[in-house]
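Fair warning: this is a prediction, and the values are worked out from it, not measured in the lab. If you read the sequence from its start, that first residue is 1, and numbering goes on from there.
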Amino acid sequence: MPEWKKGPLGWAVRVQGGYPFSSTAFVDKGVPVVRMSNMKNGRLDLSQAKCLDKTALEKFKSFVLQPGDLLLGMSGSIENFAEVHADDLPALLNQRVGRLQVKDDALVCREYLKFVVTSKRFRDQVLTMAAGVAQLNISSKQLESIPICYPPLPEQQKIAAILASVDAVIEKTDAIIAQVQVVKKGLTQQLFTQGIGHTAFVQTKMGTIPEGWSLVRLKEIAKVKGGKRVPKGSSLTDTVTPYPYIRVSDFGEHTVRMEQLKYATEEIYSKIKRYTISRRDIYLSIAGIYLGVAGRVPDALDGALLTENAAKITPTSDQVDLDYLMFALGSEFCQRQIAVLKGVTGVPKLGLKRVETMLVPLPPLEEQQKIVAGIKSVLSKRSIEEARLQQLRAVKKALMQMLLTGSVRVQPDEAAGESRPASVPSRV
């Protein structure tokens with residue numbers, strides 16, 4: 001097979017920086033100006049873009065973007081990348097955003113180039129080369145000097161086709177996850193206002209609920225207790241101890257994320273050991289930007305210490321399903337109350353007494369369990385797709401490492417796109 005060449009990006013690509021448009025020229029509606037903040041997850045998000053009058057298209061012709069343009073961040077978030085699509089246009093290129101313009105299409109194809117500049121190898125070189133203290137900056141010339149591999153064009157096209165096939169599956173999986181999330185939101189809203197199989201409803205001050213349900217204060221069915229802050233002058237540690245300390249930042253959706261968990265020392269534990277949470281409790285965040293997040297701790301954290309910014313809710317009635325109450329607290333029915341109870345000034349905060357006064361729709365226990373089963377069914381579907389997405393991303397990362405470095409060569413005489421890499425997992 002023909003040998004690969006290795007040389008600077010600038011052999012085949014010119015990096016064009018954008019124009020320093022004056023903010024005084026921005027208007028409410030017009031032609032979007034693409035800035036660093038508009039590049040998200042490989043696409044442009046122009047929903048909050050600054051705009052210029054349409055006359056700027058003629059005045060700044062050399063900065064008008066085209067379909068297929070590849071954009072890189074050159075200041076601050078220098079790892080930003082976006083590919084321009086037809087529905088993004090018309091749009092203009094702002095300063096500190098670089099456009100990759102292929103000047104020798106006999107040396108590199110755009111589809112291959114996209115994967116090269118988004119590879120870990122290329123991005124690591126960008127980070128190494130960038131300079132700055134307050135924020136990182138990199139110039140067009142520096143980007144053009146970064147060495148890349150130049151396989152023969154047919155091989156580039158085959159590599160791009162293989163990686164694009166994985167991207168297509170990733171995109172479909174992302175779309176499925178997004179749709180499942182929409183279904184979950186709609187189902188939860190329906191279950192907590194209409195229940196299962198009801199035809200008769202009663203009016204309450206919180207809206208209609210099914211006949212046979214009751215509307216109760218949280219304090220009527222559960223005990224509410226606060227967590228405890230770390231004593232003044234003491235600090236948590238990353239070193240694992242027998243005393244995990246759960247912060248609001250550790251709260252995930254219905255559970256606790258353990259990746260960044262902090263731990264208390266023996267001395268801290270001795271002072272706040274009464275403020276723990278068990279697997280039979282529910283947590284509810286009561287302060288800060290994550291106000292109103294409800295969930296349960298996993299078995300591994302049974303008995304962990306709990307932050308003062310969360311409430312521990314313990315059901316006191318055997319007619320309350322623990323998971324039902326958790327989902328109810330996270331439902332729109334209860335979240336609307338939290339939005340009112342938190343107040344409108346200062347840091348969002350919810351006092352324990354106010355938490356106790358929250359109204360919860362309470363069906364018979366059997367129906368509670370059916371509602372929980374319905375919600376968990378949707379969550380299970382999403383978990384399967386999220387695991388698949390993680391697997392696909394790992395496959396792509398491995399393929400990029402092998403294919404873009406030449407450690408594994410592909411046969412360019414095979415029609416691009418006919419075959420699918422054996423390592424791409426089929427749909428469950």
[X] side chain to [Y] backbone, donor-acceptor under 3.5 Å:
X      : Y      : answer
Arg382 : Ile177 : no
Tyr112 : Lys158 : no
Glu367 : Ile196 : yes
Gln16  : Ser62  : yes
Glu79  : Arg123 : no
Gln335 : Gly292 : yes
Asn80  : Met36  : yes
Ser407 : Met402 : yes
Gln337 : Leu359 : yes
Ser377 : Ala373 : no

Worksheet item: Would Tyr324 and Phe192 count as a close aromatic pair, with their ring centres under 6.0 Å?
Response: yes
What heavy-atom pair brings [X] and [Y] nearest, and what distance separates the two atoms?
X      : Y      : value
Cys109 : Gln156 : N-OE1, 2.9 Å
Leu191 : Trp213 : O-CH2, 3.2 Å
Asp321 : Gln369 : OD2-CG, 3.7 Å
Leu44  : Ala82  : CD2-CB, 3.7 Å
Pro8   : Ser145 : CB-O, 3.9 Å
Leu329 : Cys334 : O-CB, 3.6 Å

So, taking the atom named [atom1] in [X] and the one named [atom2] in [Y], what distance separates them when rounded to the nearest 0.5 Å?
X      : Y      : atom1 : atom2 : result
Ile268 : Leu305 : CD1   : CG    : 9.0 Å
Arg247 : Leu261 : CZ    : CG    : 7.0 Å
Lys172 : Glu385 : NZ    : CD    : 12.5 Å
Tyr150 : Leu113 : OH    : CG    : 8.0 Å
Ile313 : Leu322 : CD1   : CG    : 10.0 Å
Ser331 : Gln189 : OG    : CD    : 8.0 Å

Discussion item. Using ring pair (Phe, Tyr, Trp, His ring centres under 6.0 Å), reason through Tyr290 and Phe251 one step at a time and then give a plain yes or no.
Written reply: CA-CA 9 Å; Tyr290 300 109; Phe251 292 172; 8.8 Å; no
Please indicate whether [X] has more than 12 foreign heavy atoms, meaning atoms of other residues, nucleotides or ligands, lying under 6.0 Å from its [atom1].
X      : atom1 : answer
Lys312 : NZ    : yes
Lys219 : NZ    : no
Asp87  : CG    : yes
Arg229 : CZ    : no
Arg336 : CZ    : yes
Glu171 : CD    : no

Check whether any side-chain heavy atom of [X] sits under 4.5 Å from a side-chain heavy atom of [Y], and report yes or no.
X      : Y      : value
Gln181 : Lys185 : no
Leu403 : Phe115 : no
Leu306 : Lys225 : no
Met206 : Pro361 : no
Pro90  : Val64  : no
Gln401 : Lys120 : no
Phe81  : Val117 : yes
Arg43  : Asp45  : no

Worksheet item: Side chains of Gln135 and Ser75: do they bring a donor and an acceptor to under 3.5 Å?
Response: yes
In plain terms, say whether [X] and [Y] are close enough for a salt bridge, that is, a side-chain N and a carboxylate O under 4.0 Å apart.
X      : Y      : result
Lys184 : Glu253 : yes
Lys59  : Asp53  : no
Lys262 : Asp238 : yes
Lys376 : Asp323 : yes

Discussion item. Tell me whether the NZ or CZ atom of Lys228 lies within the 45° cone about the ring axis of Tyr245 and under 6.0 Å from its centre.
Written reply: no
Item to complete: Walk me through it: do Phe327 and Phe333 pass the test ring pair (Phe, Tyr, Trp, His ring centres under 6.0 Å)?
Response: CA-CA 10 Å; Phe327 288 131; Phe333 191 99; over 10 Å; no
Fill in: Parallel, tilted or perpendicular: ring planes of Tyr19 versus Phe60, cut at 30 and 60 degrees
tilted
Worksheet item: Which is it for Leu392 and Thr173 under the side chain to side chain contact (heavy atoms under 4.5 Å, CB included) test, yes or no, and what are the steps along the way?
Response: CA-CA 9 Å; Leu392 285 165; Thr173 307; 3.5 Å; yes
Discussion item. Could you go through Phe21 and Arg35, starting from their C-alpha distance and side-chain angles, then the distance that decides it, and tell me whether this counts as side chain to side chain contact (heavy atoms under 4.5 Å, CB included)?
Written reply: CA-CA 10 Å; Phe21 297 106; Arg35 303 185 299 168; over 6 Å; no
Worksheet item: Applying the side-chain contact (heavy atoms from CB on, under 4.5 Å) test to Ser119, which of Leu404, Ile148, Leu163, Asp124 qualifies?
Response: Leu404
Worksheet item: Would Val293 and Val248 satisfy side chain to side chain contact (heavy atoms under 4.5 Å, CB included), going step by step from the backbone distance to the final call?
Response: CA-CA 9 Å; Val293 177; Val248 170; over 6 Å; no
Fill in: Test log, rule side chain to side chain contact (heavy atoms under 4.5 Å, CB included), inputs Lys114 and Glu111
CA-CA 5 Å; Lys114 177 177 75 170; Glu111 292 78 10; over 6 Å; no
